[in-house]
Chemist: 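For reference, the structure I am asking about is given below.
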2 protein chains.
Amino acid sequence: MSLRNAILALLTVEPMTGYDLLKHFEASVGHVWHAPDSQIYPALRAMEKDGLLEGTDVTWGQRGTKRRYAITEAGRTAFREWMDTPLDYPRDRDPVHLKAAYLEWATPDAARLQLRAHIAHYTERLEQWREKIREIETGGSDMLNRRLATVPSSQHERTIAFKRYTYEGMIARADAEIAWAERGLKLLDELE
Amino acid sequence: MSLRNAILALLTVEPMTGYDLLKHFEASVGHVWHAPDSQIYPALRAMEKDGLLEGTDVTWGQRGTKRRYAITEAGRTAFREWMDTPLDYPRDRDPVHLKAAYLEWATPDAARLQLRAHIAHYTERLEQWREKIREIETGGSDMLNRRLATVPSSQHERTIAFKRYTYEGMIARADAEIAWAERGLKLLDELE
DNA sequence: GTGCACTATCTATGTGCATAGATAGTTGCC
DNA sequence: GGCAACTATCTATGCACATAGATAGTGCAC
């Protein structure tokens, strides 16, 4: 259900086409939730059928058309409901730690490579997330600015605070992962 | 592919039935990787067909039979290969942080409930993982003891170290999640 | 000797997602 | 005027997994 709610969240700002949404899932929201077009377009059709969205065909150039989706009142309600409902946590299923538990089966070199890849992965994310926070703080986030334009200014602080808070969480996680992988590299050295 | 490799990892210690494996996925390994019986049994059949396992029927009581699977040389090779191959990291898809980004849509009470649930979830895991480490350190882990019996004593330190290292990583992650949720609770107070 | 918890396995249906490939119109540039 | 890059959307196949329900034998306790 998260995909649907990620879509609803974006459409609370303004109506969008599937393609618009795709671009957002590749950029801003994509740092938290990713979705390919093959998932987005069918989801939009289903959500329209369920009354969460209302689609209208918009002409585009001479012969082209595209379908722009707006969130309905039912959609807003559904989103608020989801926001108020606790998530249930999936069972643990973590390939990285699964492998770590049997690292004696890997060659030390392969083990090192993988820990370094872990560090590289989270370092990259870290930079993206830090950049997001910078954008949020300097008012350089288009999507956030448009969102702020739709809510009373008394809500601006809240809205911004939760965005920053989200990315801070991602950063904290990345920091923990990097520190863990670095301890792993040290451990490999010690065991040799 | 992780399920298959989790199964291979367990079967490097000794042959087991699907039911045995299920119990392990509910207990020890389950802290890192979970799988229901409806996934395990078909996987075992497929892995036998692929030559990774060899199954033999074992009588059980008067009329009962069960199928015990042993890892083959091909299975060991496949497992080692997986262990030496870097994982590829899935795209970000994190419901918790997705929701956090739009927390202004939740009522403050609902938001608090969810952050507390987050804390409760990871606190519970934390205790399980700490218990696992205690088991590892005191030699109280059956599965680990049986595993150690299959490897030369020169490898014991390594084997134990990686297990502990794995759970330390899970603990570090849980600590980070709890700290983040606590900052969230504070943030909610401040915004009110 | 009956009932109950446990061992043991299998099947069916549906969702979410990855991957890949197809189609077609638009815009801008050289 | 043609080509490339981009906009816009759709479809197909397959895997991993959740959920649920079915079947049947075992072992023990009362």
Side-chain angles (χ1 to χ4, degrees), chain A residues 1-8 10 15-27 29-30 32-50 53 55-69 82 87-95 98, chain B residues 1-8 10 15-27 29-30 32-50 53 55-69 82 87-95 98:
Chain A
M1 284 296 88
S2 286
L3 172 60
R4 279 178 172 231
N5 287 290
I7 290 172
L8 290 175
L10 287 170
M16 289 188 197
T17 66
Y19 192 77
D20 293 334
L21 287 162
L22 175 64
K23 291 299 146 182
H24 284 289
F25 278 110
E26 279 169 359
V29 206
V32 173
W33 197 270
H34 169 262
D37 67 327
S38 61
Q39 241 194 311
I40 292 171
Y41 289 111
L44 289 171
R45 275 176 267 143
M47 288 166 77
E48 179 170 13
K49 217 181 61 189
D50 292 349
L53 305 181
T56 48
D57 284 322
V58 175
T59 66
W60 165 55
Q62 302 302 306
R63 277 159 301 177
T65 60
K66 53 184 179 178
R67 195 160 181 81
R68 173 149 40 223
Y69 293 92
W82 181 70
L87 287 167
D88 45 33
Y89 288 74
R91 305 298 293 266
D92 291 307
R93 201 171 266 124
D94 180 344
L98 175 60
Chain B
M1 285 295 87
S2 286
L3 172 61
R4 279 178 173 230
N5 287 290
I7 290 173
L8 289 175
L10 286 169
M16 289 189 196
T17 66
Y19 192 77
D20 293 334
L21 287 163
L22 174 64
K23 291 299 147 184
H24 284 289
F25 278 109
E26 279 169 0
V29 204
V32 172
W33 197 271
H34 169 261
D37 67 328
S38 61
Q39 241 193 310
I40 292 171
Y41 289 111
L44 289 171
R45 275 176 269 144
M47 289 166 76
E48 178 169 14
K49 216 181 62 189
D50 291 350
L53 305 181
T56 48
D57 285 321
V58 176
T59 66
W60 164 56
Q62 302 303 306
R63 275 159 304 176
T65 60
K66 55 184 177 177
R67 193 157 182 82
R68 174 150 37 222
Y69 293 92
W82 181 70
L87 286 167
D88 46 33
Y89 287 75
R91 305 298 292 266
D92 291 306
R93 201 171 266 124
D94 180 344
L98 175 61

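Throughout, protein chains are lettered first and strands after them, A, B, ... in sequence-line order, and every chain is numbered starting at 1. Everything quoted here is computed from the prediction, not taken from an experiment. When reading the values below, keep in mind they use all heavy atoms of this one structure, side chains included, and skip hydrogens, waters and symmetry mates.
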Chemist: Which nucleotide, C:dA8, D:dT7, D:dC17, lies nearest any side-chain atom of B:L3?
Modeler: D:dC17
Chemist: If I take atom NE2 in residue A:H24 and atom C1' in nucleotide D:dT7, what distance separates them, rounded to the nearest angstrom?
Modeler: 14 Å
Chemist: Tell me, please, which residues at least two apart from A:R67 pass salt bridge (charged side-chain N to carboxylate O under 4.0 Å, His left out).
Modeler: A:E48, A:D57
Chemist: Expressed in angstrom and rounded to an integer, what is the separation of A:R91 atom CZ from D:dA16 atom C1'?
Modeler: 16 Å
Chemist: Minimum heavy-atom separation for A:F25 to A:A35, with atom names?
Modeler: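 The answer is CB-O, 3.9 Å.
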Chemist: Quick one: does any side-chain atom of B:R93 pair with a main-chain N or O of A:H34 as donor and acceptor, under 3.5 Å?
Modeler: yes
Chemist: For nucleotides 19-30 of chain C, read 5' to 3', which letter fits each nucleotide if B means a protein heavy atom sits under 4.0 Å from the base, S means only the sugar-phosphate is that close, and - means neither?
Modeler: BB----BS----
Chemist: With nearest nucleotide decided by heavy atoms, which residue, A:R45 or A:K66, maps closer to the 5′ end of DNA chain D?
Modeler: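 On the 5' side of the pair lies A:K66.
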Chemist: In Å and rounded to the nearest 0.5 Å, what is the CG to CE distance from B:L21 to B:M16?
Modeler: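 Answer rounded to 0.5 Å: 5.5 Å.
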Chemist: Are OP1 or OP2 of C:dC10 and a side-chain N or O of B:Y41 less than 4.0 angstrom apart?
Modeler: no
Chemist: Whole-Å distance between C:dG16 P and A:H34 NE2?
Modeler: 16 Å
Chemist: Grab the CG-C1' distance between A:L87 and D:dA18 for me, whole Å please.
Modeler: 17 Å
Chemist: Has the side chain of B:D20 got a donor or acceptor atom that lies under 3.5 Å from a matching backbone atom of B:T17?
Modeler: yes
Chemist: Quick one: B:L22 CG to D:dC17 P, roughly how many Å, whole number?
Modeler: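 Value for this atom pair: 15 Å.
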Chemist: Atom CH2 in B:W82, atom CG in B:N5: separation rounded to 0.5 Å?
Modeler: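 CG of B:N5 is found 4.5 Å from CH2 of B:W82.
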Chemist: Find the distance B:R67:CZ to C:dC10:P and express it as a whole number of Å.
Modeler: 9 Å
Chemist: At under 4.0 Å, does any side-chain N or O of B:R93 touch on OP1 or OP2 of C:dC17?
Modeler: yes
Chemist: Roughly how far, to the nearest 0.5 Å, is the NZ atom of B:K23 from the CG atom of B:D37?
Modeler: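 Between atom CG of B:D37 and atom NZ of B:K23 there are 9.5 Å.
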Chemist: What's the CD1-P distance between B:I40 and C:dT7, to the nearest Å?
Modeler: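 Atom CD1 in B:I40 sits about 14 Å away from atom P in C:dT7.
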Chemist: Within this structure, what is the OH-to-P distance between A:Y19 and D:dC10, rounded to whole angstrom?
Modeler: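 Rounding to the nearest Å, OH of A:Y19 and P of D:dC10 are 15 Å apart.
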